[in-house]
Amino acid sequence: TVQDQITAGLKPYRDWQDPGQEQLVALQLYVRLDGHVFRDELLWDVGNPQNTADTYVMRVCGDLALGCAWYDAIKAQLEARLQEVRQDLKEAPEEVQLQQPGESALAALTAQQAPDTSSPAAAAAAAAAVGVPRVEPYNPRA
C-alpha cells in the first residue's frame with residue numbers, strides 16, 4: 001500500500017530531531033592555501049535551511065578581505081563538513097553530538113584550556129581560541 005511505502009521511506013529518519021528545533025553542531029574549519037591557514041570554530045544549525053555555505057563564506061571573506069581562491073577553498077571545506085554531518089544524522093543520528101543552544105555550546109568549542117592573556121600575543125591567541133575566523137601564516141611546527 002501507499003502508506004507502507006511512505007512508512008518504509010521514512011524509517012531511516014525515525015530518530016531525526018524535530019526540524020523546528022535548532023540542531024547545532026560544532027564545526028572546525030581548517031583550510032591551507034598559499035602558505036597561510038584559515039581557521040574557524042563555529043556552531044552550525046543544520047536544521048535551518050536558511051544557513052548556507054555561500055552566505056557564511058561571503059561574510060567571512062568580506063570581513064577578512066579574502067579573495068576568490070579563499071572563497072572557493074573555504075566553501076568546499078565547509079560543504080564537505082556539512083555533508084558529513086547530514087549523512088551522519090541520516091544514517092546514525094546517535095553518533096552526532098548536537099550542542100545545546102546558548103553559552104554551553106560555545107563552551108564546548110573552547111573547553112580545551114583557560115586562555116592566557118598576559119601579553120598581546122597571548123591575548124590574540126586567546127581570541128583565536130574562541131571561534132574568531134582568522135588567517136595566519138602556515139607553520140607546520142606549531
Side-chain angles (χ1 to χ4, degrees), residues 2-3 5-142:
V2 173
Q3 184 176 359
Q5 291 174 348
I6 292 171
T7 302
L10 293 174
K11 189 174 183 178
Y13 302 98
R14 71 174 177 263
D15 294 325
W16 189 268
Q17 297 287 328
D18 176 5
Q21 294 179 357
E22 286 185 323
Q23 293 180 302
L24 298 175
V25 293
L27 299 176
Q28 294 184 343
L29 298 178
Y30 176 92
V31 179
R32 196 167 59 176
L33 183 68
D34 297 330
H36 287 83
V37 176
F38 169 84
R39 297 176 192 263
D40 195 6
E41 297 82 26
L42 59 138
L43 293 173
W44 192 274
D45 183 1
V46 294
N48 184 347
Q50 294 179 343
N51 289 342
T52 67
D54 275 326
T55 302
Y56 167 80
V57 177
M58 286 185 348
R59 181 182 51 82
V60 167
C61 287
D63 289 350
L64 299 176
L66 302 175
C68 292
W70 280 106
Y71 175 89
D72 292 339
I74 296 167
K75 182 179 175 197
Q77 174 71 16
L78 178 56
E79 286 178 338
R81 295 286 294 122
L82 291 172
Q83 181 61 31
E84 287 176 16
V85 168
R86 288 183 179 117
Q87 191 71 24
D88 289 346
L89 281 169
K90 181 179 175 184
E91 294 176 0
E94 68 280 357
E95 298 292 323
V96 179
Q97 292 183 339
L98 294 176
Q99 305 296 319
Q100 295 300 314
E103 291 183 28
S104 62
L106 183 57
L109 289 172
T110 60
Q112 296 160 353
Q113 59 183 342
D116 172 14
T117 56
S118 60
S119 70
V130 295
V132 177
R134 63 213 177 269
V135 174
E136 53 199 33
Y138 173 65
N139 183 354
R141 296 184 182 130

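Note that the structure is a prediction, hence the values are computed from the model and not measured.
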Please test R81 against E84 for side-chain contact (heavy atoms from CB on, under 4.5 Å), starting from the C-alpha separation and ending with a verdict. CA-CA 5 Å; R81 295 286 294 122; E84 287 176 16; 2.9 Å; yes
Walk me through it: do R39 and E136 pass the test side-chain contact (heavy atoms from CB on, under 4.5 Å)? CA-CA 8 Å; R39 297 176 192 263; E136 53 199 33; 2.5 Å; yes
Side-chain heavy-atom pair V25, L43 within 4.5 angstrom cut-off: no
Donor-acceptor pair, distance only, cut-off 3.5 Å: does the side chain of N51 make one with the backbone of D45? yes
Stepwise side-chain contact (heavy atoms from CB on, under 4.5 Å) test for M58 and Y71: CA-CA 7 Å; M58 286 185 348; Y71 175 89; 3.6 Å; yes
Is K75 salt-bridged to D54, cutoff N-O under 4.0 Å? yes
Salt bridge between E91 and R86, side-chain N to carboxylate O under 4.0 Å? no
For I74 and L66, run side-chain contact (heavy atoms from CB on, under 4.5 Å): C-alpha distance rounded to whole Å, both residues' side-chain angles, the deciding distance at 0.1 Å, then the answer. CA-CA 10 Å; I74 296 167; L66 302 175; 4.1 Å; yes
Hey, are the side chains of V37 and V135 touching, using non-hydrogen atoms and a 4.5 Å cut-off? no
Decide yes or no for Y56 and D40: does some side-chain heavy atom of the first lie under 4.5 Å from some side-chain heavy atom of the second? yes
Should the ring pair F38 and W70 be called parallel, tilted or perpendicular, given that the plane angle runs from 0 to 90° and is split at 30 and 60? tilted
What is the minimum heavy-atom distance between P49 and G47, and which atoms define it? CD-O, 3.4 Å
4.5 Å side-chain heavy-atom contact, L98 and L24: no
Does NZ or CZ of R32 lie under 6.0 Å from the centre of the six-membered ring of Y138, at an angle within 45° of the ring axis? yes
Considering only heavy atoms from C-beta outward, does the side chain of L27 approach that of L78 to under 4.5 Å? yes
Could you tell me whether a side-chain N or O of R134 sits under 3.5 Å from a main-chain N or O of V132, the two making a donor and an acceptor? yes
A quick test of your reading: do over 12 heavy atoms of other residues, nucleotides or ligands sit less than 6.0 Å from CG of D63? yes
From the list V60, V57, L42, side-chain contact (heavy atoms from CB on, under 4.5 Å) partner of L29 resolves to L42
